[in-house]
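First comes the structure, then the notes that go with it.
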Amino acid sequence: MAYARDVEKLAAYDAFAVDVRSELEDVTTRMAELKGAGRVKTATYRQLFATRITLKDIDRRLSERGL
């Protein structure tokens with residue numbers, strides 16, 4: 001019973017890691033589009049920048065733990 005719960009937890013962490021990396025890719029793409037349009041001083045760009053920093057840190061921590 002505990003083994004099944006551990007497997008479920010690991011699957012949830014794996015799904016979380018995939019979601020984080022997907023969101024990081026989306027944010028990076030949106031930032032590149034804004035940068036291409038010369039909109040790097042907008043509030044949207046700055047919010048995306050902060051989000052990207054957070055997602056990169058989460059991704060780094062997941063990678064350090066083999067996820």
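These numbers come from a predicted model, not from an experiment.
Atom CZ of residue R21 and atom CD1 of residue I58 lie 11.0 Å apart, to the nearest 0.5 angstrom. Interatomic distance, CD1 of I53 versus CG of L24, reported as 11.5 Å (0.5 Å rounding). Annotation: the span from T54 atom OG1 to R52 atom CZ amounts to 11.0 Å, rounded to 0.5 Å. Taken from OG1 in T51 to CZ in R46, the straight-line distance is 14.0 Å, to the nearest 0.5 Å.
Crowding of R60 atom CZ: a count of heavy atoms from other residues, nucleotides or ligands under 6.0 Å exceeding 12.
Counting only heavy atoms from C-beta outward, the side chains of L67 and F16 never approach each other to under 4.5 Å.
Between R30 and D26 no salt bridge is recorded (no basic side-chain N to carboxylate O distance below 4.0 Å). Electrostatic pairing of K9 and D6 does not count as a salt bridge here, judged by no charged N lying under 4.0 Å from a carboxylate O.
A single hydrophobic cluster is not seen to contain both L55 and V18; linkage of ILVMFWY side chains at heavy-atom distances under 4.5 Å, directly or through other members, places them apart.
Screening T29, T28, L34 for a side chain to side chain contact (heavy atoms under 4.5 Å, CB included) involving L48 leaves a single residue, L34.
The two residues V40 and Y45 come nearest to each other via the heavy atoms O-CD2, 3.2 Å.
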